Amino acid sequence: MERPVEKSAAPGLGLQDVARQLELSRQKASISYGQLSAMTGYSKSTLHRALTGKRCPWEVAEAVAHACGVKLEEATKKWLSRQGQPLPTQGKTDPNSVNTRSNLQAAMRELLAASGLSLRQLELRAGVGVLPKTTVNEVLRGKRTPREELLLSFVRTLGGEHDLSAWAAARQRALRDPRVGWTQSHEPMHLTPSPRVLSVLGDIDMSEVNCFAELVDNTIGACAEAGAAMSTPKVSITFDGGTTQRWQESVVIRDNGPGMDRETLTRAVALAWVGDASRAALGLGFNVATARLGSHITVRSARSNSSAWTVLKIDLPRMARSGEWTMPVMTQEKLESDDHGTEITITGLREPWRESKGRMLRERLGDLYSYPLRRGTLVIEVNGRQAPPRLPCIWAETRAVPRRGGNVNAMVKIDTTLPDAAFCLDCRHSSSPNSSVCSWCDSYNLTAHKRQVKGWIGVQRYLDSSDYGIDFIRNGRKILRRDKSLFTWENSDSLTSEVEYPLGLPTNRGRIVGEIHCDHVPVSNTKDDFNRESREWRTVMGIVRGEGPLRPQACKRYGYPPNDSPLARIHRAFARNDPGLRCLIPGDGTRAIHAKATEWAHLFKKGVPEYQSDEIWYQAALRHDQVRVSGESHADPSA
């Protein structure tokens, strides 16, 4: 019975042409069709049809080449050389030359042909469901454009890990191909930006990382409003260097959020440009972030049930020159009917962006969004690589040290619910719980807003001169990273301040850390700090560190009651850095081994399995006590 053969298009060149060279290889090897059938598992009729060029699937061609002792790419090169055609450049497929959909498909076919893999082998190598051969076949034949995830998996499976950003950028250029369904079917938007918006765009000094974080925040907010029906929010950031690789000339920020239809998108952008802070707007941060990154912004969005993308083009230099604040509104056909989300393309980057800065951005975003990233409720990719969450290297909650009054655990959890506030649905600010009118915009459109302070204060497994302090998080994003302001007590009576931590040896090195969630506290326009004069922030400070000093003797001196806040409890138990289990500091029996503990922390951050728990640190602290006690047999072990 004839073995069934799947229909498959040639990934690179015409297989009928390659078949002729394979027939020559069969004749040269003196292999009959009967022998070839036994070697390949295909029937003689199937092989005859393949080698005469009538029907030659890629899988059959590969099997024949293997049986004849030649590599398929070698047979292809021999046939091309006989025809006087250029040879394929194996391993040198250049994604930077891709500008159209046809270019992209040809480059993918060339990459697969150079690998010598069949579609079936490619599917097996990638893993179940990653690169279905039917889907890849349709992409290579030009019937569909690959999604970014499929393209990057395709390249990664074929050994192109270092070229992922270039391939992702190539796909974006192909999607911007003017021959792919662009029409200007709507009247352009006419805007009159408020003076506040224009002044903010010129004056606010927002870091590049915070600009990207602002756009990530938009995705998180949109997915949260869409509810449980949405998949895990994902944001992909891709830089494109065009024909050069030294500097990146544009960046594309794409998400898988619910997207917006034409009416919603134009309204959101319009409201953002007139300074409206309502939830219907993209927010002032969108204008600041995109304008700080570059001068030409294209926004493309669609819902899953929309028939096409809505595209807005914002040309800031043209607007400034002409004084006419108009934005073209266009549509672009969808390549996948159920595709959705928002894509922002920024060209004319204001600051040269080296390709190597992609790693820095990936690490910083992994730090800013470490909480949702490690919980699996957010995915961020930069140039095709996922941003890893920054994990806290802390002692386990179950570890404890003996102190007067009982043991103190190495972590104190915080979970305090406050009375609901009156939240304005128009300006997004909070007022006092019993307010009937918004104190910011005089709106009556208020709703009850839950307020909660939760998180933990703990102890790091190593000392550092800067890598310690408290992270304060709002809606999943760290507004303050390793903040040390809570370690200073502000004496309101004498208008002086006193640093309370770190004070012990080694000087100026700390290990108290924490993670506090306070979504209700207002932040600055650039989201790099909280409004520290607000009632909400002062309430959080009272919960986390208390009203008085952290040190018991200082509380007595200044007339404050004992401070039993979470930070004060951790401070009393772990302010000292003495080696041994009494302070949870690794030692060698004589002294603390801080340098070694830091080396172990680096291995923790690299993901080395045996350093993920605190057991190695604990055993080092335990051995210190055992060595010290054995050398001083008269000592009290409980001291």
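Bear in mind that the values here come from a model prediction, so they are computed numbers and not experimental data.
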Are [X] and [Y] close enough for a salt bridge, meaning some N to O gap below 4.0 Å?
| X | Y | value |
| --- | --- | --- |
| K413 | E397 | yes |
| E381 | K234 | yes |
| D519 | R477 | no |
| E149 | R156 | no |
| R511 | D464 | no |
| E515 | R374 | yes |
| R451 | D420 | no |
| E208 | K357 | yes |
| R390 | D467 | yes |
| E498 | R551 | yes |

Are the side chains of [Y] and [X] in contact, using a 4.5 Å heavy-atom criterion?
| X | Y | value |
| --- | --- | --- |
| L378 | I380 | yes |
| F487 | V499 | no |
| D217 | Y369 | yes |
| Y501 | H571 | yes |
| W167 | F154 | no |
| D415 | Q452 | yes |
| V513 | W456 | yes |
| L215 | T290 | yes |

### Message
Tell me which one of L418, I479, V540 satisfies side-chain contact (heavy atoms from CB on, under 4.5 Å) with C518.
### Response
V540

### Query
So among I457, I543, D471, V521, which one has a side-chain contact (heavy atoms from CB on, under 4.5 Å) with I516?
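Only match with I516 under side-chain contact (heavy atoms from CB on, under 4.5 Å): I457.
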
Determine the minimum heavy-atom distance between [X] and [Y], stating which atoms define it.
| X | Y | result |
| --- | --- | --- |
| D528 | L480 | O-CD2, 3.8 Å |
| A597 | P586 | CB-CG, 4.3 Å |
| P552 | R572 | CG-CD, 3.5 Å |
| G476 | P372 | O-CD, 3.3 Å |
| G580 | D625 | CA-OD1, 3.3 Å |
| A396 | D614 | N-OD2, 2.9 Å |

#### Entry: Chi angles and distances behind the side chain to side chain contact (heavy atoms under 4.5 Å, CB included) call for V523, D529
CA-CA 6 Å; V523 296; D529 202 352; over 6 Å; no

### Task
Verify side chain to side chain contact (heavy atoms under 4.5 Å, CB included) between M411 and N409, making sure each step is shown before the conclusion.
CA-CA 5 Å; M411 176 188 288; N409 290 82; 5.7 Å; no

Quick check on [X]: does its [atom1] atom have over 12 non-hydrogen neighbours (other residues, nucleotides or ligands) under 6.0 Å away?
| X | atom1 | result |
| --- | --- | --- |
| K454 | NZ | no |
| R125 | CZ | no |
| E610 | CD | yes |

#### Entry: Verdict with supporting geometry, W395 and Y462, ring pair (Phe, Tyr, Trp, His ring centres under 6.0 Å)
CA-CA 10 Å; W395 287 93; Y462 60 97; over 10 Å; no

Using a 3.5 Å distance criterion without hydrogens, assess whether the side chain of [X] forms a donor-acceptor pair with backbone atoms of [Y].
| X | Y | answer |
| --- | --- | --- |
| R254 | S236 | no |
| T598 | H594 | yes |
| R545 | L486 | yes |
| N563 | A568 | no |
| N210 | A213 | no |

### Query
Relative to each other, are the rings of Y560 and W489 parallel, tilted or perpendicular (30° and 60° limits)?
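Because their plane-to-plane angle is over 60°, the rings of Y560 and W489 count as perpendicular.
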
### Query
Can you check whether W537 and F472 have ring centres sitting under 6.0 Å from each other?
yes

### Query
With ring centroids as reference points, do H517 and Y371 lie under 6.0 angstrom apart?
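Yes, the ring of H517 comes within the 6.0 Å limit of the ring of Y371, centre to centre.
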
### Distance under 6.0 Å and angle within 45° of ring axis: R509 vs Y468
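Relative to the ring axis of Y468, which defines the angle, R509 lies outside at least one limit.
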
### Task
Tell me whether the guanidinium CZ or amine NZ of R474 lies under 6.0 angstrom from the six-membered ring centre of F530 and within 45° of its axis.
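No, a cation-pi geometry is absent between R474 and F530.
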
Can you tell me how far apart [atom1] ([X]) and [atom2] ([Y]) are? Round to the nearest 0.5 Å.
| X | Y | atom1 | atom2 | result |
| --- | --- | --- | --- | --- |
| R591 | I593 | CZ | CD1 | 11.0 Å |
| C583 | N577 | SG | CG | 7.0 Å |
| K605 | C393 | NZ | SG | 7.0 Å |
| I220 | N218 | CD1 | CG | 9.5 Å |
| I616 | K596 | CD1 | NZ | 10.5 Å |
| C223 | D255 | SG | CG | 6.5 Å |

### Query
Are S485 and R532 linked by a side-chain donor-acceptor pair shorter than 3.5 Å?
yes

### Query
Does the side chain of S370 come under 3.5 Å of the side chain of K478 through a donor N or O and an acceptor N or O?
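There is such a pair between these side chains.
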
### Intermediate values then yes/no, side chain to side chain contact (heavy atoms under 4.5 Å, CB included), I470 and R481
CA-CA 7 Å; I470 314 298; R481 298 181 307 122; over 6 Å; no

### Task
For the pair V629 and Q626, evaluate side chain to side chain contact (heavy atoms under 4.5 Å, CB included) and give the outcome as yes or no after the intermediate values.
CA-CA 5 Å; V629 170; Q626 292 172 339; 6.0 Å; no

### Task
Start with the C-alpha gap between E615 and R399, add the side-chain angles, then the distance that decides, and say whether salt bridge (charged side-chain N to carboxylate O under 4.0 Å, His left out) holds.
CA-CA 10 Å; E615 187 63 26; R399 302 297 188 190; 3.1 Å; yes

### Task
Go through T488 and E500 one step at a time and tell me if the side-chain hydrogen bond (donor to acceptor under 3.5 Å, both in side chains) criterion holds.
CA-CA 6 Å; T488 299; E500 299 187 282; over 6 Å; no

